[in-house]
Structure formats: structure tokens, C-alpha cells
Amino acid sequence: MLRTSPQHTDARGVQPGPTAMSRKLQTLDRVKPETPAGAWSISNGSLETLKWVGLLFMTGDHVNKYLLHDSSPALYALGRMVMPLFGFVLMFNLTRPGALESYMHLRVMKRLAIFALLATPAFVHLVGWWPLNILATLFLATLIVWLLERDGWAARCMALIAFLVGGAVVEFWWPALLCCLASWAFLRRPNGLRMLLLALAMASLAAINGHFAAVAALLLIWGARQVEVPLPRSRWVFYSFYPVHLSLIALVLIVTEN
């Protein structure tokens with residue numbers, strides 16, 4: 001027979017109320033616990049390598065689009081892998097142990113918002129006012145994930161509204177958000193079904209890209225898991241590179257047009 005531990009009572013035989021510590025634990029329980037990404041890990045150096053590969057492909061894609069008038073199908077195809085790579089790297093960092101408790105989501109959203117605004121003048125010159133640039137897409141994906149990490153129906157409803165409404169105004173639209181959310185779900189609980197959903201989310205970008213080159217990003221992600229690259233982390237390079245390289249391309253166009 002299983003024995004239950006006796007409840008503590010005070011001198012009057014009355015069970016004491018919740019202590020300050022127990023109340024604090026109850027408050028923390030309102031936040032969903034996150035699952036460590038260690039079950040499907042990639043070294044920090046290899047993750048940084050994925051980021052640099054994404055920056056390289058993005059630069060080639062933008063040069064091809066704005067300066068070479070889409071004359072290189074190869075650069076265009078490589079550029080289709082950029083969004084899935086950036087989304088995966090971002091979600092990997094957001095699913096690290098302790099990320100939610102350390103307010104990483106809020107810090108990342110702040111940085112993405114600042115540099116999205118810095119990139120806006122050049123992006124508007126090159127693309128227009130709609131849709132918003134890729135940093136805004138990643139900001140929205142981070143916001144949705146942060147809301148989903150919270151407990152309660154209100155947060156889930158806000159996440160759904162952010163997905164439906166925000167997806168209409170950011171670059172690569174809802175398929176990009178699906179890529180980020182599928183990466184987040186897979187990294188929290190890796191299994192074959194969630195890997196398939198991630199592949200399908202990447203494939204959904206074909207509605208925008210015209211082909212399925214984005215799915216090849218999975219091969220790069222798999223390759224990064226097989227090797228450990230001793231590459232130090234450059235936190236601000238990704239954020240600053242985006243507005244800087246767009247501004248340079250826009251400046252070249254302005255000079256050549258005049």
C-alpha cells in the first residue's frame with residue numbers, strides 16, 4: 001500500500017497557507033516549460049556557419065535581382081534557401097534552454113525591429129512599401145512563438161491573429177511564418193512527423209518562388225549537424241549586414257540611373 005506523506009500543520013493543528021516560494025512557483029508555472037533542443041543539436045560554430053551561408057546566398061540573390069536583372073538562375077535558386085535558413089537559425093536560438101526565462105524573445109524582437117526600420121529606406125527604394133522586409137518577417141515569427149510559449153487562450157488567440165493579419169504584410173508572407181513555426185515545433189520535440197511538416201512548410205514557399213529550391217535548405221541544416229565548425233559567434237553581423245548591403249545596392253542603382 002502506498003503511503004501519503006502527512007501534511008504539515010502548525011501548533012493549532014491548522015494547515016498553513018501557501019508560502020511566498022510556493023506562490024512564486026505557481027506564477028512561473030503559468031509559462032509553458034520549453035523543451036531543450038539538445039535532442040537535435042548543432043554546434044554553435046556550425047550554426048554560425050549556416051548564418052554566413054545564408055548571408056552569402058542573400059547577397060548573391062539581391063545582386064542578381066537588382067543589379068543583374070535576374071540573369072542568373074543559379075543565384076536565384078540559392079537565394080530561395082535563405083529564408084528557411086534564417087528562420088531555422090532563429091528558432092534554434094529561441095528553443096535553447098532558459099531562452100524564455102531570460103527574455104531572449106523580447107531582446108531579439110527589439111533588435112529585429114530596430115534593424116528592420118534601418119533597412120526600410122533602401123528596401124522601399126528597391127521593392128516598395130509592401131511587403132515589409134525579411135527582418136519584419138522574423139520579428140513577427142518571434143512574436144508568435146513568444147505568444148505560443150505563454151499559457152492561456154488569450155495568448156494563443158493573439159498568436160493566431162498575428163499570424164493571419166501579420167502574414168499579409170511581411171516578406172514571403174504566410175509560408176515564411178510556417179517555415180519558422182515548423183522549425184520551432186521540430187526543435188522542441190524532434191521526430192519524423194515534425195521533420196516532414198518542416199519539409200512541407202519549406203515546400204510551401206514554391207507558391208512564391210516558383211520552384212522547390214527552398215527545401216534544399218534541409219540538406220544544409222543536416223550537413224551542419226554532421227560537422228563542428230570552430231567559428232566564433234558574431235551577434236551583430238547579421239542584424240547590421242542586412243540594412244548595409246541593401247543601402248549599398250540602392251546607392252549603386254541611384255548612381256547608375258543618374
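Numbers for residues simply follow the sequence, beginning at 1. Bear in mind that the values here come from a model prediction, so they are computed numbers and not experimental data.
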Listed partners of Ala250 passing side-chain contact (heavy atoms from CB on, under 4.5 Å), at least two apart: Ala122, His125, Leu126
Intermediate values then yes/no, ring pair (Phe, Tyr, Trp, His ring centres under 6.0 Å), Trp184 and Trp146: CA-CA 11 Å; Trp184 172 73; Trp146 180 73; over 10 Å; no
More than 12 heavy atoms from other groups under 6.0 Å of CE on Met158: no
Val63: which of Leu248, Leu68, Leu75 passes side chain to side chain contact (heavy atoms under 4.5 Å, CB included): Leu68
Minimal non-hydrogen separation, Ala168 against Trp130, with atom names: O-NE1, 2.9 Å
Spacing of Phe115 atom CZ and Tyr242 atom OH [to the nearest 0.5 Å]: 13.5 Å
Shortest non-hydrogen separation from Leu94 to Ala99 and the atoms involved: O-CB, 3.4 Å
Ring geometry between Tyr239 and Trp236 (parallel below 30°, tilted from 30 to 60°, perpendicular above 60°): tilted
Heavy-atom closest contact (Arg96 atom, Asn93 atom, distance): NE-OD1, 2.9 Å
CD1 on Ile42 to CG on Leu50, rounded to 0.5 Å: 6.0 Å
Lys/Arg cation over aromatic Trp153: Arg156, 6.0 Å, 45° cone: yes
Check: Ser46/Ser43 side-chain N/O donor and acceptor closer than 3.5 Å: yes
Approximate separation, where rounding is to 0.5 Å, of Thr49 OG1 and Leu231 CG: 4.5 Å
Side chains of Met58 and Phe86 in contact at under 4.5 Å (non-hydrogen atoms): yes
Separation of Leu246 CG from Asn133 CG (nearest 0.5 Å): 7.5 Å
Considering only distance and modelled atom types, tabulate donor-acceptor pairs under 3.5 Å from the side chains of residues 199-214, sequence neighbours left out.
residue : atom : partner : partner atom : Å
Ser204  : OG   : Ala201  : O            : 2.5
Asn209  : ND2  : Leu205  : O            : 3.4
His211  : ND1  : Ala213  : N            : 3.2

